[in-house]
Amino acid sequence: MTKADTIFKEFREHSVAEFFKKNRQMLGYSGKIRSLTTIVHEYVTNGLDACEEAGILPDIYVRIEQLGNEHYRVTVQDNGPGIPKTHVGKVFAQMLAGTKFHRFIQQRGQQGIGASGCTMYSQITTGKPTKIVTSPQKGKIYECEVMFDVKRNRPLISGEVEYPGDMQGTKIIAEFKDVTFNWSDYGPAEYLRRTAVANPHAKITFVAPDKQRFVYERAVHVLPKKPKPSKPHPKGITVDDLLDYAHHAKARTIKSFLTQTFDRMSSAKADEIEKLTSIDFKRKPDSVTWRDAEEIVDAIKKTKFLAPNTSNLYPMGEKQIEKAILNVLEPEFHAVRTRSPSVYRGGVPFIVEVGIAYGGKAGKGNGDSAKTEVMRFANRAPLLFDAGGDVITKVVNEIDWKRYGMRKLDDVPATIIVNVTSTYIPYTSAGKQAIADIDEIHKEVALALMEVGRSVGSYIRREARKGEKQAKRKTLLKYVPEVAGAVAKLTGDSKKELEVKLLDMINRKYAAGQMGDGPEEERDG
Ligand SMILES: Nc1ncnc2c1ncn2[C@@H]1O[C@H](COP(=O)(O)OP(=O)(O)O)[C@@H](O)[C@H]1O
Ligand SMILES: [Mg+2]
């Protein structure tokens with residue numbers, strides 16, 4: 001036996017499930033608090049995605065019960081379309097399986113490892129299956145327990161029952177050990193509060209381990225527009241992608257494959273590209289070789305295309321952000337901005353939106369000790385972890401907030417909200433908690449924040465001026481009786497009348513009303 005033979009006796013193949021079992025931190029299972037938040041995140045984003053795709057206003061229920069030390073039961077129920085019996089196993093116990101990965105569609109999930117990651121984590125910490133109750137058809141309920149065959153990346157289903165009943169959507173019940181619940185910024189409660197901020201069209205109910213119940217009522221009664229799959233833009237395509245698309249294409253010729261697969265690829269554009277290559281575009285798409293794909297991608301680089309179609313991107317919109325802010329944060333002042341669509345890496349469209357809420361329940365902590373909090377969202381899903389590596393955090397820290405009247409960002413009762421909407425969010429890792437620092441996104445976030453920053457700045461300055469005026473007015477009012485008395489003595493006029501005139505003068509000059517603000521200021525002083 002050669003040396004190579006001896007060494008290669010150890011050669012094995014592994015499944016993607018085995019990979020993620022070993023590298024569970026990549027899916028967000030690192031740290032006891034983070035793990036619990038990850039579980040809630042995966043189930044809740046799936047529920048929201050499913051409801052929205054089915055055109056249903058989401059009603060999501062989350063309960064966390066403590067069963068022992070670092071041992072919890074999580075129940076998440078949605079009112080979505082349900083999951084067909086044939087697919088329950090794959091959804092919950094097969095990695096890289098789902099309805100989203102292969103489509104360019106704006107949804108929260110995109111990789112097909114969220115739900116199965118939870119099943120895996122439950123299984124490796126408790127040895128127990130995950131229970132699913134779902135109604136894929138009106139009047140019928142399907143129930144089963146799912147475990148993972150990790151070696152084969154396949155589901156093991158048991159306890160299947162079907163019975164008639166009234167239920168809409170899907171309910172998941174799973175137990176986890178090695179997790180902790182707490183009320184920190186990284187815990188499930190804060191995660192759900194932020195989910196409510198970014199999803200005013202959803203009703204979210206949360207029952208905490210201490211039985212406290214939080215209900216975030218729906219503030220908007222219309223669904224966001226239903227996300228539609230879009231086509232990839234040619235400028236974002238790599239040789240490998242092109243080859244992959246070509247080999248799976250149903251089109252009869254390379255030309256029709258190109259026009260059917262890509263955004264902005266007209267028949268004229270395909271002809272233009274053909275001329276730049278040595279390839280006959282009447283050939284079948286599955287005959288495209290790596291060399292051909294390289295030629296086509298090169299030709300695409302030399303060709304001008306219209307910017308990506310952004311009609312399939314649905315940002316929250318300024319009205320919705322505003323309603324959400326008012327609903328959850330009840331601020332004194334707020335400013336919002338939805339930027340126009342932009343494109344990163346030449347082919348992927350995205351939209352940046354920001355909101356700033358100031359005063360009221362905005363910021364971390366209450367009253368004078370309140371500090372600024374930054375809420376990051378990707379397609380409306382809150383990002384709580386890995387803030388350091390995130391483009392949003394970087395931009396927030398780069399901005400000179402002093403220019404906008406916020407001396408030290410940390411000491412201001414403000415909530416800064418940033419939502420990035422895209423058909424493909426460029427996450428820094430499979431844990432999906434940070435958006436990569438890509439130049440185009442960086443710039444859009446900065447522009448949006450500076451725009452709302454200016455509004456907040458003028459509000460803060462206006463309030464400061466108002467404060468100064470009020471102080472002056474109060475001082476002057478103190479002297480009114482004395483001055484009126486002295487003048488009355490000199491001129492013989494009535495002291496009362498003089499007092500009224502003086503008060504009137506002062507009020508006219510210093511009343512808040514003069515500054516174009518609310519009348520409530522008139523009451524004090
Ligand atoms: N609550 C649910 N209702 C309906 N379908 C669901 C639900 N949860 C998951 N799914 C389906 O299961 C698939 C896999 O979910 P998941 O593993 O979280 O991956 P992803 O969300 O990234 O696609 C989803 O693409 C979706 O088709
Ligand atoms: Mg998911």
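Order of appearance sets the numbers: ligands from 1, and atoms from 1 within every ligand. Scope of the values below: all heavy atoms of this structure, side chains included, with no hydrogens, waters or symmetry mates.
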Suppose the criterion is ring-ring contact (aromatic ring centres under 6.0 Å, His included): which pairs have a residue in residues 166-195, not counting sequence neighbours?
His41-Tyr191, Phe181-Trp183, Trp183-Phe214, Tyr186-Phe385

Among Val76, Leu48, Ile83, Asn79, which one has a heavy atom closest to atom 6 (C) of ligand 1?
Ile83

Is the ring centre of Phe262 less than 6.0 Å from the ring centre of Tyr245?
yes

Ligand 1 to Asp78, heavy atom cutoff 4.0 Å, flagged ligand atoms 1 (N), 2 (C)

Contact atoms of ligand 1, heavy-atom distance to Ala115 under 4.0 Å
16 (P), 17 (O), 18 (O)

Donor-acceptor pair between Ser184 and Asn182 side chains, under 3.5 angstrom:
yes

Any side-chain donor-acceptor pair under 3.5 Å between His201 and Arg380?
yes

Under 3.5 Å, is there a donor-acceptor pair between the side chain of Ser135 and the main chain of Gln168?
no

Side chains of Val40 and Val76: does their closest heavy-atom pair fall under 4.5 Å?
no

Taking both backbone and side-chain atoms of Asn46, is any N or O found less than 3.5 Å from an N or O belonging to ligand 1?
yes

For ligand 1, find out whether one of its N or O atoms is nearer than 3.5 Å to an N or O atom of Gly114.
yes

Hey, is there an N, O or S on Asn46 sitting under 2.8 Å from the Mg ion (ligand 2)?
yes

Which part of Ala50 is near ligand 1, with near meaning a heavy atom under 4.0 Å away: side chain, backbone, both or neither?
side chain

